[in-house]
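Excluded from the calculations below are hydrogen atoms, water molecules and symmetry mates; all remaining heavy atoms, backbone and side chain alike, are included.
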Amino acid sequence: MSGDRPDTGRVDSGPPDTGRVALVTGAGRGIGAETVRALCRRGYRVVAVDSGAGDTATDLPGVDYPLASREQLAALRAAHPDQIHTVLADVRDRAALDAAAATAVERFGRLDAAVAAAAVMVGGQPLWETPATHVQTLWDVDVLGVWNTAAACVPHMLAGPDPGGCRFTAVASAAGTRGLFHLAGYSMAKHAVIGLVRGLAADLVGTGVTAVAVSPGSTRTAMLAATAALYDLDGVESFASGQLTGRLIDPGEIAETIAFCCSVAGGVLTGSVVSAEGGFRG
């Protein structure tokens with residue numbers, strides 16, 4: 001069903017992106033930061049959300065690498081001071097995300113798109129040796145963080161001036177459709193993200209709001225570096241051989257895919273898993 005937009009069978013890009021408002025989690029670096037930049041180039045105003053925890057995230061068992069810092073989030077805002085409003089919030093904190101989504105409406109007047117890009121990498125052991133606390137970290141951040149983002153943002157989209165143009169996008173992973181060695185917990189979490197998006201898309205039938213998952217392959221990010229460390233690799237370059245492109249993906253390439261998913265034209269993708277894997281073969 002197409003909600004309040006008639007299905008004419010004609011491709012219509014709709015109104016320009018200028019004036020649209022988005023909220024992006026995991027905005028401090030990597031795919032999240034590049035998505036904020038891509039949306040700003042298209043004229044969006046963006047609420048950029050990140051915990052800014054840096055190397056102080058001691059309450060995340062299994063995460064042994066620094067998260068994005070407050071300084072990285074501030075630098076992102078400085079590049080687009082008239083378009084970006086930053087919020088320090090942990091995606092595990094539903095109340096904090098509720099406040100961030102409300103801020104988007106209060107500050108910019110509406111909320112048209114939300115991107116759940118925040119995630120962590122935990123793994124390195126077979127399933128039966130993985131500590132329960134590590135599994136809980138993955139569940140709380142990578143899955144419930146997406147749930148909280150959707151639950152906080154979708155009501156504002158439904159109540160806004162143009163629900164038919166509103167988009168929810170979650171960053172999944174190539175691990176969301178396959179199992180990866182010593183990453184059973186991470187694979188579980190990303191499979192759950194895809195299931196969450198498909199369920200949300202079904203709940204949104206008839207409203208005009210849509211939901212989609214984007215699955216990157218091996219992308220040059222801090223999370224990929226953390227994955228290399230789990231495998232005792234010297235660096236990330238060896239992952240390039242596992243993709244048909246023969247190279248790692250740049251975060252900006254994934255951001256461009258996400259930006260289309262956030263657009264009015266991207267509504268046709270609802271309920272889909274958009275593969276941006278570079279021909280990932282594992």
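- Atom CZ of Arg110 has more than 12 neighbouring heavy atoms from other residues, nucleotides or ligands inside a 6.0 Å radius.
- In this structure, CZ on Arg198 lies 14.5 Å from CG on Asp203, to the nearest 0.5 angstrom.
- The salt bridge (Lys or Arg N to Asp or Glu O under 4.0 Å) pairs that include a residue from residues 272-282 are Arg178-Glu277, where partners are two or more places apart or lie in different chains.
- No single ILVMFWY cluster, assembled from side-chain heavy atoms under 4.5 Å apart, contains both Val122 and Val193.
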For Val91 and Leu97: C-alpha separation, side-chain torsions, deciding distance, then whether side-chain contact (heavy atoms from CB on, under 4.5 Å) applies.
CA-CA 7 Å; Val91 293; Leu97 285 183; 4.2 Å; yes

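- Asp50 approaches Gly28 most closely through the heavy-atom pair OD2-N, 2.8 Å.
- Annotation: side chain of Lys190 is in contact with side chain of Asp142 (closest heavy-atom distance under 4.5 Å).
- Panel note: side chain Ser215, backbone Val274; no donor-acceptor pair is recorded below 3.5 Å.
- With a 4.5 Å cut-off on side-chain heavy atoms, Gln125 and Pro131 count as touching.
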Kindly indicate, with the supporting measurements, whether the criterion side-chain contact (heavy atoms from CB on, under 4.5 Å) is fulfilled by Leu60 and Leu67.
CA-CA 11 Å; Leu60 290 172; Leu67 302 182; 3.8 Å; yes

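- The CZ atom of Arg45 sits 13.0 Å away from atom CG of Leu39, with the distance rounded to the nearest 0.5 Å.
- For Gly32 against Ala117, the heavy-atom pair with the smallest separation is CA-CB, 4.0 Å.
- Scanning all heavy atoms of the two residues, the minimum distance from Ala118 to Thr25 falls at N-OG1, 3.2 Å.
- Arg42 contributes atom CZ, which lies 11.5 Å from atom OG1 of Thr18 (distance to the nearest 0.5 angstrom).
- Distance check, rounded to the nearest 0.5 Å: CG of Asp98 to SG of Cys153 gives 9.0 Å.
- Residue Phe181 qualifies as open at atom CZ: its count of foreign heavy atoms under 6.0 Å is 12 or below.
- Contact check for Thr219 versus Glu34: no side-chain heavy atoms found under the 4.5 Å cut-off.
- In this structure, Thr103 and His85 have side chains that are in contact, with non-hydrogen atoms separated by less than 4.5 Å.
- With hydrogens and angles disregarded, no donor-acceptor distance shorter than 3.5 Å links the side chain of Arg107 to the backbone of Val47.
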Using the rule given for side-chain contact (heavy atoms from CB on, under 4.5 Å), can you reason through Arg92 versus Asp59, listing the C-alpha separation, both sets of side-chain angles and the distance that settles it, and then say yes or no?
CA-CA 11 Å; Arg92 296 173 294 171; Asp59 63 337; 2.9 Å; yes

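- When the side chains of ILVMFWY residues are joined at heavy-atom separations under 4.5 Å, either directly or via intervening members, Val36 and Ile254 end up in a single hydrophobic cluster.
- Without hydrogens or angle criteria, Ser263 side chain to Phe260 main chain gives a donor-acceptor distance under 3.5 Å.
- Residues Val120 and Tyr65 meet the side-chain proximity criterion, which asks for heavy atoms closer than 4.5 Å.
- The side-chain contact (heavy atoms from CB on, under 4.5 Å) test with Phe168 is passed by exactly one of Thr149, Val115, Thr270: Thr149.
- With hydrogens and angles disregarded, no donor-acceptor distance shorter than 3.5 Å links the side chain of Thr86 to the backbone of Ala74.
- Put simply, OG1 on Thr207 and CE on Met157 are 10.0 Å apart, with the number rounded to the nearest 0.5 Å.
- Annotation: side chain of Arg220 is in contact with side chain of Val236 (closest heavy-atom distance under 4.5 Å).
- Pairing each heavy atom of Gly124 with each of Leu230, the nearest pair is N-CD1, 4.0 Å.
- Closest approach of Gly19 to Asp112, counting heavy atoms only: O-OD2, 4.2 Å.
- Within the 4.5 Å cutoff, side-chain heavy atoms of Ile31 are placed close to those of Ile258.
- Counting heavy atoms from C-beta on, the side chains of Phe280 and Leu180 come closer than 4.5 Å.
- Going from atom NE2 of His134 over to atom CD of Glu129 covers 12.5 Å, rounded to the nearest 0.5 Å.
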For Trp139 and Leu144, run side-chain contact (heavy atoms from CB on, under 4.5 Å): C-alpha distance rounded to whole Å, both residues' side-chain angles, the deciding distance at 0.1 Å, then the answer.
CA-CA 6 Å; Trp139 187 255; Leu144 293 184; 3.7 Å; yes

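- Side-chain atoms of Gln72 come within 3.5 Å of backbone atoms of Ser69 as a donor-acceptor pair (strictly under, hydrogens ignored).
- Linking ILVMFWY residues whenever their side-chain heavy atoms come closer than 4.5 Å, directly or via other members, places Val141 and Tyr186 in the same cluster.
- There is a path of hydrophobic side-chain contacts, each under 4.5 Å, that joins Leu23 to Val87.
- Contact detail for Arg70 and Gly52: the closest heavy-atom pair is CG-O, 3.4 Å.
- By the criterion of side-chain heavy atoms lying less than 4.5 angstrom apart, applied directly or through intervening Ile, Leu, Val, Met, Phe, Trp or Tyr residues, Tyr44 is not grouped with Val264; the two fall into different hydrophobic clusters.
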